[in-house]
Amino acid sequence: MKMIVGGQWVDRKETIDVLNPYDGSVVDTVPRGTAADIDEAITLAVEGYQINRHLPAHERIAILKRTAAIMQDRFEELAVTIASEGSKTIREARKEVGRAINTITISAEEARRIDGETIPFDSAEGSENRVGYYYRFPIGVIGAITPFNDPLNLVAHKLGPAIAGGNAVVCKPATVTPLSALKLGECLLEAGLPGKILSIVTGHGHEIGDALVEDSRIRMISFTGGVEAGERIVRHAGLKKIGMELGSNSPVIVMADCDLDQAVESCVSGAFWAVGQNCIGVQRIYIERSVYDTFRDKFVARTKQYKVGRQLDEDTDMGPMITETEAKRVIEWVEEARSQGAELLTGGTREGSLVQPTVMEKMPEGAKLDCQEVFGPVVSLYPVDSLDEAVEKANAVDYGLLGAIFTSRLDNAFYAIEAMDVGGMIVNDSTDYRVDLMPFGGVKKSGLGREGIKFSLMEMTEPKMVCFNLPRRG
Ligand code: NAP
């Protein structure tokens with residue numbers, strides 16, 4: 001596919017192969033964009049911003065609604081694209097397409113709710129004859145940088161609110177999965193989005209990232225990805241707004257009083273969804289000791305039922321990791337933990353980019369799998385003697401995106417909600433629960449700010465205050 005610069009489809013001599021991670025076959029090629037392409041995209045976006053900020057809200061709403069309808073018409077094609085360039089199975093990919101359509105639809109709905117409020121100026125002595133209000137206006141050109149693991153919906157989470165809010169956007173999708181992003185761009189343009197409002201520039205982050213991040217015409221960088229790239233971007237961005245949606249090693253607490261079968265089913269799915277390449281994927285499970293053995297045996301038995309293989313086969317439960325290099329890294333982490341005393345309950349093997357779903361116990365404190373983000377299909381089980389101990393261990397990491405607890409007791413639930421250092425708590429579902437309108441983001445190294453369309457719109461617009469000094473009558 002070509003890339004999109006100011007609404008135009010652009011080719012370049014140098015290209016990047018987009019590979020199917022299952023067998024390394026070439027799905028398509030995209031241009032290897034340069035810093036000059038980013039510069040041109042930003043120049044056009046500055047004009048695009050002037051166009052979008054003056055579009056009436058009903059026109060933006062209509063464009064986004066038409067986009068959602070076009071995506072619905074192209075539903076299966078989008079799903080096959082996700083499952084060909086990325087790791088997701090075709091069944092997982094269809095869920096992502098449904099959610100991306102929802103994200104764009106909610107963006108259209110929220111575009112009519114960007115409102116303000118009046119300000120009680122007369123609360124300050126001497127301001128009795130002032131009246132005023134604030135309304136929200138777009139911030140300008142937004143740089144959006146996205147990861148590979150939800151290659152359509154995470155792009156929709158940036159483009160939808162950016163456009164709904166009246167901004168222009170220059171997006172740089174992950175190099176391994178650019179096709180889903182470009183197809184979303186195609187749907188937006190087909191729906192009548194004025195071209196200069198949108199660029200999707202393909203190319204390597206380490207080659208073109210700085211040109212986007214450092215440019216002072218960009219008023220906000222909205223980034224989703226790993227901590228390393230995130231920290232680098234923060235250092236380079238200069239004076240602009242920053243949204244950071246980073247990683248985690250999500251904790252789940254399982255209390256003896258919960259519905260154990262529900263907890264097992266939900267945690268297995270949450271651990272191995274998208275091959276564990278999921279910022280809210282279940283990585284650490286703290287289980288009350290009295291039910292530990294039962295939970296472990298059921299969990300391992302359910303995991304062993306997983307069929308690992310080609311993403312596009314309807315009966316595949318888990319596809320390949322995004323690259324063989326990543327698969328090798330995950331197995332190295334497993335081996336490192338085993339050499340430190342961890343025990344393997346199932347999995348721990350690899351064939352090319354396919355890693356078997358892996359369950360471990362007796363994970364030593366400080367092992368990479370215990371405290372870093374594995375971003376792969378490995379989950380560790382830990383027995384605990386109390387909820388306090390579970391919470392303390394859940395919090396003992398640098399991350400804090402979502403946490404979860406399975407319990408039938410309200411006091412347990414409320415204690416965990418209060419005590420967990422996370423951006424969101426899920427009760428009786430695993431951490432891998434998300435709907436697209438909820439506020440989403442983390443604390444500590446998991447990020448800065450919140451996404452979830454209404455919340456992204458707050459970040460992507462700013463209040464403008466208006467004050468009238470009214471003439472006194474008579
Ligand atoms: P990544 O390696 O950090 O890459 C993310 C994006 O940043 C890619 O587009 C990448 O481009 C770009 N990038 C890399 N270096 C850059 C630089 N110097 N300047 C500007 N852009 C740069 O992450 P990933 O492997 O794709 O995704 C996995 C990570 O994302 C995990 O840590 C996961 O937890 C996190 N994540 C977080 C959320 C959330 O909402 N909190 C959601 C999903 C994923 P290239 O592809 O060209 O390198």
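Computation of the quantities below employed the complete heavy-atom set of this structure, encompassing side-chain atoms and omitting hydrogens, waters and symmetry-equivalent molecules. Position 1 is the first residue of the sequence, and the numbers go up from there.
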Quiz item: Is it true that a side-chain atom of Lys328 and a backbone atom of Gly352 form a donor plus acceptor pair closer than 3.5 Å?
Solution: no
Quiz prompt | Under-4.0 Å salt bridge between Glu343 and Arg338 | solution = no
Exercise. Please report the C-alpha distance between Val213 and Ile145 in whole Å, then the side-chain angles of each, then the deciding distance to 0.1 Å, and finally whether the side chain to side chain contact (heavy atoms under 4.5 Å, CB included) criterion is met.
Key: CA-CA 9 Å; Val213 167; Ile145 302 175; 3.9 Å; yes
Self-check item: Sub-4.5 Å side-chain heavy-atom contact between Leu159 and Leu184
Solution: yes
Quiz item: Considering residues, nucleotides and ligands other than Lys444, do more than 12 of their heavy atoms fall under 6.0 Å from its NZ?
Solution: yes
Exercise. Would you kindly say whether Lys158 and Thr224 are connected by a side-chain donor-acceptor distance under 3.5 Å?
Key: yes
Quiz item: Do Glu77 and Arg74 sit within salt-bridge range, that is, some charged N less than 4.0 Å from a carboxylate O?
Solution: yes
Practice problem: To the nearest 0.5 Å, tell me how far Ser266 OG sits from Gln262 CD. | Solution: 6.5 Å
Quiz prompt | Least distance between heavy atoms, Tyr134 atom then Pro463 atom | solution = CD1-CB, 3.7 Å
Quiz prompt | Residues Glu324 and Arg350 bridged, charged N to O under 4.0 Å | solution = yes
Practice problem: Report yes if the side chains of Ile285 and Tyr382 come closer than 4.5 Å at any heavy-atom pair, otherwise no. | Solution: no
Quiz item: Is it true that Arg136 and Asp115 make a salt bridge, defined as a side-chain N closer than 4.0 Å to a carboxylate O?
Solution: no
Exercise. Say whether, by atom type as modelled, one donor and one acceptor occur between the side chain of Thr358 and the main chain of Gln356 under 3.5 angstrom.
Key: yes
Quiz prompt | SB check Glu332 Arg329 (cutoff 4.0 Å) | solution = no
Quiz item: Yes or no on side chain to side chain contact (heavy atoms under 4.5 Å, CB included) for Asn412 and Ile253, after CA distance, side-chain angles and deciding distance?
Solution: CA-CA 10 Å; Asn412 284 340; Ile253 297 173; over 6 Å; no
Quiz item: In this structure, are over 12 heavy atoms from other groups packed under 6.0 Å from Glu207 atom CD?
Solution: yes
Quiz item: Taking the six-membered ring for Trp, is the centroid-to-centroid distance between Tyr306 and Phe272 below 6.0 Å?
Solution: yes
Quiz item: Salt bridge between Asp313 and Lys307, side-chain N to carboxylate O under 4.0 Å?
Solution: no
Quiz prompt | Charged N-O contact under 4.0 Å between Glu314 and Arg94 | solution = yes
Quiz item: Just by modelled atom types, is the Cys371 backbone N or O under 3.5 Å from a matching donor or acceptor in the Asn249 side chain?
Solution: yes
Practice problem: Please confirm whether the backbone N or O of Ile163 pairs with a side-chain atom of Asn52, one donor and one acceptor, at under 3.5 Å? | Solution: yes
Self-check item: Check: Gln283 side chain, Ser380 main-chain N or O, donor-acceptor pair, under 3.5 Å
Solution: no
Practice problem: Evaluate side chain to side chain contact (heavy atoms under 4.5 Å, CB included) for Lys95 paired with Glu92, printing each intermediate quantity in order. | Solution: CA-CA 5 Å; Lys95 284 220 164 149; Glu92 291 172 334; 5.7 Å; no
Practice problem: Would you mind reporting whether Phe375 and Asn149 have side-chain heavy atoms less than 4.5 Å apart? | Solution: yes
Quiz item: Under the 3.5 angstrom rule, does the side chain of Arg91 hit a backbone N or O of Thr316 as a donor-acceptor pair?
Solution: yes
Exercise. Taking Lys172 for its side chain and Gly203 for its backbone only, find out whether a donor-acceptor pair lies under 3.5 Å.
Key: yes
Self-check item: Straight-line distance of Thr175 OG1 to Asp17 CG, nearest 0.5 Å
Solution: 12.5 Å
Quiz item: Has the side chain of Thr346 got a donor or acceptor atom that lies under 3.5 Å from a matching backbone atom of Val300?
Solution: no
Quiz item: Strictly by modelled atom types, are Tyr286 and Arg284 linked by a side-chain donor-acceptor pair under 3.5 Å?
Solution: yes
Self-check item: Side-chain donor or acceptor of Asp432 paired with backbone N/O of Gly281 under 3.5 Å
Solution: no
Quiz prompt | Heavy-atom pair of closest approach, residues Pro377 and Met321 | solution = CD-SD, 4.0 Å
Quiz item: Shortest non-hydrogen contact from Cys171 to Val155?
Solution: SG-CG1, 4.1 Å
Quiz prompt | Closest contact, heavy atoms only, Arg219 versus Ile139 | solution = CG-O, 3.3 Å
Quiz prompt | Other residues, nucleotides, ligands: >12 heavy atoms within 6.0 Å of Lys240 NZ | solution = yes
Practice problem: Measure across Leu345 and Met360 and return the closest heavy-atom pair with its distance rounded to 0.1 Å. | Solution: CD1-C, 4.2 Å
Quiz item: Will you find, in the side chains of Asp398 and Gln372, an N or O donor that is under 3.5 Å from an N or O acceptor?
Solution: no
Practice problem: Kindly indicate whether the side chain of Ser222, heavy atoms from C-beta on, has any atom under 4.5 Å from the side chain of Glu451. | Solution: yes
Practice problem: Inspect the contact between Glu389 and Lys393 and indicate whether a charged nitrogen and a carboxylate oxygen are less than 4.0 angstrom apart. | Solution: yes
Quiz item: Would you call Ile218 and Ile221 a side-chain contact if the rule is heavy atoms closer than 4.5 Å?
Solution: yes
Quiz prompt | Heavy atoms from other residues, nucleotides or ligands near CZ of Phe75 exceed 12 (cutoff 6.0 Å) | solution = yes
Exercise. With the side chain counted from C-beta on, respond yes when Ile200 and Pro173 share a heavy-atom pair under 4.5 Å apart, and no when they do not.
Key: yes
Quiz item: Can you find a pair of side-chain heavy atoms, one from Leu354 and one from Pro320, that are under 4.5 Å apart?
Solution: yes
Practice problem: Check whether more than 12 heavy atoms from other residues, nucleotides or ligands sit under 6.0 Å from atom CD of Glu392, and answer yes or no. | Solution: no
Self-check item: Between NZ on residue Lys183 and CG on residue Leu188, distance to nearest 0.5 Å
Solution: 15.0 Å
Self-check item: Side-chain donor-acceptor contact under 3.5 Å, Gln311 with Thr89
Solution: no
Quiz item: Going by an N to O cut-off under 4.0 Å, is there a salt bridge joining Arg99 and Glu96?
Solution: no
Practice problem: Could you tell me whether the side chain of Tyr415 reaches within less than 4.5 Å of the side chain of Asp388, counting heavy atoms only? | Solution: yes
Exercise. Decide side-chain hydrogen bond (donor to acceptor under 3.5 Å, both in side chains) for Thr407 and Asp257; before the verdict, give the C-alpha distance in whole Å, the side-chain angles of both, and the deciding distance to 0.1 Å.
Key: CA-CA 6 Å; Thr407 182; Asp257 56 65; 2.6 Å; yes
Practice problem: Is it possible for you to check whether Arg434 lies under 6.0 Å from the centre of the six-membered ring of Phe440, through NZ or CZ, and within 45° of that ring's axis? | Solution: yes
Practice problem: Verify side-chain hydrogen bond (donor to acceptor under 3.5 Å, both in side chains) between Ser180 and Glu85, making sure each step is shown before the conclusion. | Solution: CA-CA 8 Å; Ser180 305; Glu85 66 174 348; 2.5 Å; yes
Quiz item: If you look at every heavy atom in Arg450 and Gly423, which pair is closest and at what distance?
Solution: NH2-CA, 3.8 Å
Quiz item: Can you tell me if NZ on Lys241 sees more than 12 non-hydrogen neighbours from other groups inside 6.0 Å?
Solution: yes
Quiz item: Measuring from Glu228:CD to Arg232:CZ, what's the distance to the nearest 0.5 Å?
Solution: 9.5 Å
Practice problem: Could you tell me whether the side chains of Asp436 and Asn153 share a donor-acceptor contact shorter than 3.5 Å? | Solution: yes
Quiz item: Do Phe223 and Ile242 pass the side chain to side chain contact (heavy atoms under 4.5 Å, CB included) test, and can you show the C-alpha distance, the side-chain angles, and the key distance before you say yes or no?
Solution: CA-CA 8 Å; Phe223 174 78; Ile242 299 275; over 6 Å; no
Exercise. Enter the distance from Thr323:OG1 to Leu19:CG here, rounded to the nearest 0.5 Å.
Key: 10.0 Å
Quiz item: Looking only at atom types and distance, does a side-chain atom of Asp28 sit under 3.5 Å from a main-chain N or O of Met1, one as donor and one as acceptor?
Solution: yes
